[in-house]
Asks: 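Take a look at this one; I'll ask things after.
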Amino acid sequence: MTTTTDSQTPVAVDPNLVTVTIDGIETAVPKGTLIIRAAEEIGIAIPRFCDHPLLKPVGACRQCLVDVAMPDREGNVRPMPKPQPSCAMEVSPGMVVHTQKTSAVAAKAQHGVMELLLINHPLDCPTCDKGGECPLQNQALSDGRATSRFTDVKRTFAKPLKISTQILLDRERCILCQRCTRFSKEIAGDQFIDLQKRGASQQIGRFDEDVLGFAPLGDATVGPAAEDESGRAFASYWSGNTVQICPVGALTSAAYRFRSRPFDLVSTEAVAEHDANGSAIRIDHRRGTVMRRLAGDDPVVNEEWISDKDRFAFHWQTAPDRLTHPLVRDRAEDGTRGELRTASWAEALEVAATALAAARDAGGVGVLPGGRLTIEDAYAYGKLARTALGTNDIDHRARPASAEEESFLGHAVAGHGIDVTFGDLEKAPAVLLVGFEPEEEGGIVFLRLRKGTQAGRTRVWSLAPFATRGLERLDGTLVPTAPGLESEVVDALATGTDEPSLAALREALGAQGALVLVGERLASVPGSLSAVLRLTAATGARLAWIPRRIGERAGVEMGTLPGLLPGGRPVSDAAARVDIAAAWDVTELPTAPGRDTDGILAALAARELRGVVVGGVELGDLTDPVAARAALEAADVVVSLEVRASEVTDLADVVLPVAPPAEKSGSYLNWEGRVRAFRQALESHALPDHRVLDELARHLGTDLGARDGNVLRKEIDQLGAWDGERVAAPATEAVAPAAVAPGTAVLASWHLQLDAGRGQDGEPFLAGTARKAVARLSAATAEAAGVADGGVLRVSTGAGRIELPAVVTDMPDHVVWLPTNSPGSAVRAALGVLPGAVVQITAGTVTTTEEA
Amino acid sequence: MTENPKKPGPIAEMLAPVAGFGVTFANLFRPVVTEQYPFEKVPTKPRYHGRHQLNRYPDGLEKCIGCELCAWACPADAIYVEGGDNADLPEGAHVSPGERYGRVYQINYLRCIFCGLCIEACPTRALTMTNDYELAGPTREGMIFEKDDLLAPLREGMLAGPHPMVEGTEDLEYYRGEITGPTQAQVDWVRERRPDDASLDAAAKATVAAPDANGGTR
Amino acid sequence: MSNETAPSGFLLTTVEDFAGWARKSSIWPVTFGLACCAIEMMAAGASRFDLARYGMEVFRASPRQADLMIVAGRVSQKMAPIVRQVYDQMAEPKWVLSMGVCASSGGMFNNYAIVQGVDHVVPVDIYLPGCPPRPEMLINAINELQRQMQKEPLLTHRREVVKAVEAAALEATPTHQMKGLLR
């Protein structure tokens with residue numbers, strides 16, 4: 001009042017801020033802000049359907065109409081003749097906006113739009129899965145007319161339409177907001193659904209002429225039918241996100257169909273366990289049963305998206321083979337195993353401790369914690385091994401691993417904290433993928449990379465035998481690399497090369513913020529990780545190691561590797577050992593070099609080690625499942641900590657049941673090194689691993705102090721970072737690739753995101769969206785093997801064979817690619833070899849028998 | 001206290017000790033008010049809130065669609081419902097018309113306060129209340145009524161489910177009350193699959209024609 | 001008749017029948033109105049429903065003279081020990097009728113203040129739903145209880161029955177493991 005100048009001085013001194021007035025409230029927002037966001041900032045909610053903060057504006061539903069006035073050239077504020085969609089219009093200086101709260105025009109427009117949207121809506125809320133959490137339902141109530149004036153026949157469709165085994169489409173409920181198609185196009189990039197037809201007949205559909213009945217009518221679809229190898233449309237790893245963002249019940253999932261209602265669900269924030277990202281999820285449960293999982297909202301990790309695996313694969317936690325009681329197996333005098341019998345915790349722990357103590361004194365005990373570890377569990381496993389069992393024979397890597405990888409992890413990963421982040425992925429000018437397939441093995445990493453490439457910031461190169469659909473959608477450049485030759489190519493990049501494509505890549509990697517992403521698969525390519533370190537040193541590119549399992553990084557940090565103590569402290573460093581020994585209140589830690597997974601199994605088979613503690617390990621994931629089985633058979637005592645009965649259970653002497661993620665609290669460490677703490681969702685009597693290990697150690701006469709996860713976290717935090725010497729960088733020589741004789745090829749292989757993994761058990765609808773297992777090889781290789789495109793290829797070794805349909809792919813000759821663990825293609829179990837090995841390829845027999 | 005306006009006369013004062021018996025004697029000649037309850041049941045008011053009932057359409061399909069709105073409305077959390085998908089039933093059978101049916105339906109009568117909010121919430125009039133109030137029981141489990149306990153018995157001419165919906169109809173025809181009884185096709189369907197079904201004979205006699213396909217609009 | 005030596009069989013069943021008839025024919029309830037259900041209980045005692053028809057009109061103020069405790073109304077946590085004390089003070093044989101949903105399960109008061117069913121405190125012989133139950137419902141529950149009383153076993157027979165019931169209870173699935181049932 002006293003200072004009249006105040007109102008005349010523009011509030012926004014920052015030139016990037018724009019001052020607008022919404023419903024009489026003046027606010028300054030950054031340039032380019034949409035009206036709807038500016039209104040949100042000051043607490044004015046404008047109804048909307050198509051608008052989504054992570055999707056581009058489209059203005060499709062018209063529900064967010066507001067009255068807008070803007071200053072003209074003379075500065076007179078002039079109203080626009082018609083209401084404008086606030087979700088598609090950016091603010092401009094001096095703009096005056098009246099929402100439905102202050103403008104009769106806007107309110108009437110919104111009521112009209114709502115009435116139109118509801119004209120063809122079936123109003124079947126009581127049967128609809130979205131009922132109770134439906135934006136259309138809510139906004140029809142808050143911003144709609146009380147009664148409809150529509151008396152005619154509603155448009156009807158056959159429903160529900162299965163656009164994949166998991167996703168059901170109800171076109172009657174659809175309001176054509178296009179959130180799903182925009183998600184598919186902009187975020188996931190695998191667009192199998194789109195708008196079809198015009199006017200009142202406009203509808204969402206997939207490119208399958210039969211389903212929509214287009215073919216008899218003679219209508220043509222907009223685009224050609226896009227199909228993947230599975231032959232199914234919408235076989236997307238991200239399809240569940242469209243269900244979550246659908247503002248009506250038009251897209252629903254088969255897994256959650258008619259399961260429950262939002263009002264009887266209890267929601268718990270949690271972290272997904274299926275990949276190394278630790279995506280934020282929400283677990284919705286009812287009376288102690290998980291009903292569904294939704295994507296959580298965590299801008300720094302997964303934004304609002306999760307993979308279908310994280311969303312739909314949760315029944316494994318309550319599968320019928322879930323272990324509920326401790327089991328003990330009695331052995332005869334000669335060591336033959338009897339039957340497992342149910343035992344009390346006290347008895348099982350006593351039996352386990354006695355047998356482990358005997359095995360420890362007789363030779364030693366190895367520890368294989370597996371890859372499902374939380375930070376607390378990993379720490380407890382490491383502490384158990386190094387105190388109660390007095391050994392460095394511990395390795396969480398339940399997969400092909402190498403000493404080179406261990407040095408690499410100790411040198412470049414352990415103790416580095418959060419280095420490369422998800423945010424860096426979408427900002428990096430250049431990303432080189434080595435031994436890493438982001439969509440299949442990286443989960444949400446793929447979406448972040450795609451966000452960068454879509455924005456034109458990021459270019460992606462991949463060292464792989466062929467360009468996958470994922471790489472194509474990243475607009476990536478393939479550097480064709482036969483398996484086993486990664487180290488050669490990386491070294492060529494590191495030392496500089498004349499080859500023009502590599503030279504461009506080399507230059508791109510020199511840019512500020514360039515990234516090299518390596519996957520866990522590189523462990524089976526000797527010399528490649530050493531070469532990657534040389535490359536990053538030479539180019540200055542930053543390095544990130546992205547494993548497949550959630551527990552890998554926690555294991556690396558918490559010292560469940562033979563040569564590493566918590567915080568990246570090398571076992572070989574006396575000061576590091578003293579450091580940890582003091583924290584653990586023991587006089588000294590074991591100094592003998594430890595064995596890795598393969599070493600432990602070999603030592604068990606050779607009876608150098610007498611016992612083993614096994615966590616979440618599937619024998620089929622190990623380098624040689626047959627040898628692993630033999631090794632466990634040879635052990636005097638096998639103690640298994642498992643959620644569900646597995647192959648290890650069949651060989652275990654004591655089985656201690658542990659809690660699945662939904663039934664415990666803890667914290668995962670994702671590949672970034674970010675702590676992803678989660679709370680217990682379900683009430684349960686099941687104990688987390690660290691608690692069981694604490695009891696086991698107590699029976700062995702050692703106090704791990706691992707009873708309480710919070711106490712454990714405090715202890716871990718107090719250990720702090722290691723400021724001493726790190727493990728030396730590996731300098732392993734590359735191995736010359738094996739010669740390829742006629743009739744043979746080099747095996748390439750990686751895991752598909754949806755495969756035969758036990759974490760996806762009990763999910764038939766999800767399994768239906770998986771990609772079909774195929775064998776890939778080049779045209780020349782196929783011809784040499786006598787296999788036509790689509791024919792059956794037999795891949796065999798001395799150990800066994802795999803027969804899959806052959807798909808001729810643009811890739812180096814003399815290479816054959818198989819999915820590592822898909823139905824019909826269990827490479828390690830069936831062939832007993834790793835990628836890079838030479839396998840025989842011939843035409844398969846299946847078709848010939850069928851023809852006969 | 002200070003001024004009694006009407007001082008009783010001497011006769012009144014004399015009879016005062018026995019005046020009370022006047023009331024007693026007068027009542028001797030009035031009709032008895034006592035209800036001989038277990039022997040003679042006085043009907044409740046027609047809208048009395050008694051035990052629930054899950055109703056059926058005239059062709060025998062259940063009205064309940066498992067939408068859980070009754071459970072949502074219940075202030076005492078006495079109702080538990082799980083939905084099911086009619087498409088999961090074999091050979092096109094339906095428990096209720098439309099996509100969804102109530103697979104599990106329980107009312108815990110030791111929580112239910114008979115307020116009737118569930119009845120108001122029911123979108124298909126599947127749930128109504130009877131006038132039956134004799135509910136006492138010796139165990140807590142026994143007081144949780146399952147769907148079988150709550151379902152209305154089949155009236156004469158109704159065909160026991162599950163069986164297909166009336167041919168050529170959708171759920172809307174049922175909601176509009178255009179279904180008046182089982183059709184011959186439904187009876188034949190059940191006869192083929194469950195020849196011993198007790199409701200078959202009566203239903204066969206009560207068959208009606210399916211509503212005119214053109215008459216139904218959506 | 002000594003408990004140890006009493007024979008079972010024809011004589012005892014006849015005695016049981018007689019004792020049951022005697023017991024059920026004049027139940028004396030203890031005055032135990034806790035909330036709104038008590039109003040209906042009082043109505044049941046008044047002339048329109050007239051519990052005197054069952055010899056039940058004497059609601060005793062002293063538990064020592066009563067056979068039946070009608071827990072009429074919600075039992076708060078603070079009231080629970082008193083309910084138990086009154087029950088303990090009643091002489092054998094004694095019965096408990098849990099009147100209304102609040103007494104039976106906590107009813108709509110699923111909260112920290114209310115005992116979730118008086119059977120957490122005393123053994124209940126008959127549960128009566130309703131909020132509140134009308135007097136007819138109370139009389140119906142009493143009739144049910146009378147039927148139970150009529151068949152009440154005695155002496156050794158009783159001990160056998162108790163043993164069998166206890167054995168069955170040990171075998172039964174605990175409530176927290178029952179699937180699909182409301183709790």
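Note that these values count all heavy atoms, side chains included, but never hydrogens, waters or copies made by symmetry. Labels below follow one simple rule: chain letters A, B, ... track the order of the sequence lines, proteins then strands, and each chain is numbered from 1.
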Asks: Do A/F258 and B/R103 come within less than 4.5 Å of each other through their side chains, counting heavy atoms only?
Replies: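 Contact flag for A/F258/B/R103 side chains = no.
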
Asks: Can you list every salt bridge (Lys or Arg N to Asp or Glu O under 4.0 Å) pair that touches residues 118-139 of chain B, not counting sequence neighbours?
Replies: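 As it turns out, the salt bridge (Lys or Arg N to Asp or Glu O under 4.0 Å) pairs with a partner in residues 118-139 of chain B, which skip direct neighbours, are B/K41-B/E134, B/R51-B/D132.
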
Asks: Applying side-chain hydrogen bond (donor to acceptor under 3.5 Å, both in side chains) as the test, list every pair that has at least one member in residues 130-146 of chain A; sequence neighbours left out.
Replies: A/E133-A/R292

Asks: Return the OH to CG distance between B/Y80 and A/D264, rounded to the nearest 0.5 Å.
Replies: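 Output value for this atom pair is 8.0 Å.
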
Asks: Determine, stepwise, if the pair B/E170 / A/K159 fulfils salt bridge (charged side-chain N to carboxylate O under 4.0 Å, His left out).
Replies: CA-CA 12 Å; B/E170 303 233 11; A/K159 69 178 192 176; over 6 Å; no

Asks: Above 12 or not: heavy atoms from other molecules or residues under 6.0 Å from CZ of B/R155?
Replies: no

Asks: With side chains defined as the heavy atoms from C-beta onward, is the minimum distance between A/P160 and B/E99 less than 4.5 Å?
Replies: yes

Asks: Roughly how far, to the nearest 0.5 Å, is the CD atom of B/E82 from the CZ atom of A/R259?
Replies: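 With rounding to 0.5 Å, CZ (A/R259) is 7.5 Å from CD (B/E82).
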
Asks: Can you name the closest pair of heavy atoms from B/C67 and A/P126 and give their distance?
Replies: CB-O, 2.9 Å

Asks: I'd like to know if A/R286 and B/E68 make a salt bridge, using a cut-off of under 4.0 Å between side-chain N and carboxylate O.
Replies: yes

Asks: Side chain of A/R257, backbone of B/D85: donor and acceptor closer than 3.5 Å?
Replies: no

Asks: Got a second to check how far B/L69's CG is from A/F263's CZ, nearest 0.5 Å?
Replies: 5.5 Å

Asks: How far does CG of A/D124 sit from OH of B/Y175, to the nearest 0.5 angstrom?
Replies: 8.0 Å

